[in-house]
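Counting convention: from 1, in listed order, for ligands and their atoms alike.
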Amino acid sequence: MTDGIVLGANQYGKAENRVVRIVRDTPRHEIRDLNVSTSLRGDFSRAHTDGDQADVLPTDTQKNTAFAYAKEVGVSSPEEYAVALASHFLDAAPAATAAQVRVEEQAWDRIAVEGSPDGHDHSFVRRGTETRTCVVTVAGRGAEQRTWVLSGLQDLVVLKSTGSEFRGFLKDAYTTLEETDDRIMATSLTARWRWSGTEGVDLDAAYAEVRATLLSTFATTYSRALQETLYAMGRAVLETQPQVAEIRFSAPNKHHFLYDLGRFGVENNGEVFIAADRPYGLIEATVAREDAGDAGEAWTAVPGFV
Ligand SMILES: O=c1[nH]c(=O)c2[nH]c(=O)[nH]c2[nH]1
């Protein structure tokens, strides 16, 4: 029977499990501080239309599994942990056709102390604002099973105090922006990169490499627009990481406007700016290999990317 109304796309899971794993097999501890979100997709129509929970692996169980796997599987990298968890959920919930696990990782640095050149064994200080991320989607079972891995970072806040211009842009009756050949360029970068495959990739090392490539390209590339900078950063990652198929960016242009000190008879030669928090330009771009291949479900339900 139908009344012309049907259930559309849906998924469910436990969001933002704050999983902290300490490896304490030796006096020198290791910490992985994760925010883990799980979701299952598939035929969960009976739960929606009939109130029948027979197919539903509770979100509470998903939460428990996220914590149990931090011990049983461990967290050699956020991506490997997420693959294990997502694959498990497909085994545990027969109605699921795909499972997605998203992880945000906060980095902790060892506290520098006298007498320990490599930092303290079990005391840590939180590193900056930036977060490492991954989104793993596993779909299907058996020989048909497919796994997509996105790695990424968010809120990597960078600024260059010169080496940036913005000129030659289209102008119309509403254009008031003046051309500049010397401005501050700043952004809080979010990037996600899709692996064509992760076989043989040391994902922790690769994260550090990609981050370093993004930063050094930002630093050393003269910028005619944030768009050009993002493209240069994307190219540099693809040139150095053969197994990355594409990288997507979302970058708010954190405007710094020269403050008008002329009103007080004071010269402002690119020295005093007002940092405006909104509105901001939002520049988004994908840089991909021509033969990147179909992204499948890699980006499904990943918000904030073109
Ligand atoms: O790098 C920039 N890109 C733009 O598209 C733009 N538009 C704008 O007003 N300022 C800037 N800066």
Side-chain angles (χ1 to χ4, degrees), residues 104 128-133 150-194 207 209-241 244-264 266-290 292 295 299 302-306:
E104 298 161 359
T129 57
E130 129 207 16
T131 306
R132 174 174 169 180
T133 66
L150 305 176
S151 299
L153 51 75
Q154 62 195 33
D155 302 329
L156 182 67
V157 182
V158 288
L159 177 152
K160 55 201 292 164
S161 53
T162 188
S164 165
E165 66 174 46
F166 191 63
R167 297 190 288 153
F169 44 83
L170 187 64
K171 299 176 187 75
D172 72 6
Y174 298 105
T175 303
T176 57
L177 186 70
E178 290 188 8
E179 306 208 342
T180 175
D181 58 6
D182 188 5
R183 65 172 183 172
I184 286 181
M185 190 171 73
T187 189
S188 176
L189 188 70
T190 295
R192 295 189 192 273
W193 50 95
R194 175 167 66 87
Y207 176 80
E209 288 162 17
V210 170
R211 181 182 183 280
T213 301
L214 293 170
L215 289 177
S216 69
T217 308
F218 177 85
T220 57
T221 305
Y222 181 83
S223 176
R224 289 176 291 193
L226 187 46
Q227 286 91 328
E228 184 182 38
T229 299
L230 293 186
Y231 182 64
M233 291 196 290
R235 285 192 65 93
V237 170
L238 295 181
E239 279 162 10
T240 50
Q241 300 290 334
V244 171
E246 63 170 318
I247 181 165
R248 301 188 184 188
F249 297 104
S250 179
N253 192 353
K254 292 168 77 74
H255 301 299
H256 290 68
F257 299 115
L258 203 61
Y259 202 77
D260 181 5
L261 302 181
R263 294 171 293 173
F264 327 123
V266 176
E267 189 187 44
N268 187 1
N269 194 16
E271 293 159 296
V272 180
F273 295 84
I274 182 165
D277 74 335
R278 66 192 73 174
Y280 49 88
L282 184 60
I283 314 298
E284 300 173 283
T286 301
V287 186
R289 296 185 197 283
E290 268 177 351
W299 299 96
V302 179
F305 287 87
V306 287

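- Legend: residues meeting side-chain contact (heavy atoms from CB on, under 4.5 Å) with L156, ordered by chain and number and at least two apart, are E130, L153, V158, L189, R211, L215.
- Between the side chains of Y222 and E165, at least one donor-acceptor pair of N or O atoms lies under 3.5 Å.
- Residue pairs satisfying the ring pair (Phe, Tyr, Trp, His ring centres under 6.0 Å) criterion with at least one member in residues 166-187, sequence neighbours excluded, are listed as follows: F166-F169.
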Let me have the donor-acceptor pairs involving side chains of residues 248-257, under 3.5 Å, with sequence neighbours excluded, atom names and distances please.
unit_1, atom_1, unit_2, atom_2, d
R248, NE, E246, OE1, 2.9
R248, NH1, V306, O, 3.0
R248, NH2, E246, OE1, 3.2
H255, NE2, G281, N, 3.1
H256, ND1, K254, O, 2.8

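- For the residue pair D155 and T131, no side-chain donor N or O sits within less than 3.5 Å of a side-chain acceptor on the partner.
- The backbone N or O of G168 sits less than 3.5 Å from a side-chain atom of E179, completing a donor-acceptor pair.
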When you pair each N or O of ligand 1 with protein N or O atoms, which pairs come out under 3.5 Å?
unit_1, atom_1, unit_2, atom_2, d
ligand 1, 1 (O), R183, NH2, 2.8
ligand 1, 1 (O), L226, N, 2.7
ligand 1, 3 (N), Q227, OE1, 2.8
ligand 1, 5 (O), Q227, NE2, 2.9
ligand 1, 12 (N), R183, NH1, 3.1
ligand 1, 12 (N), N253, ND2, 3.2

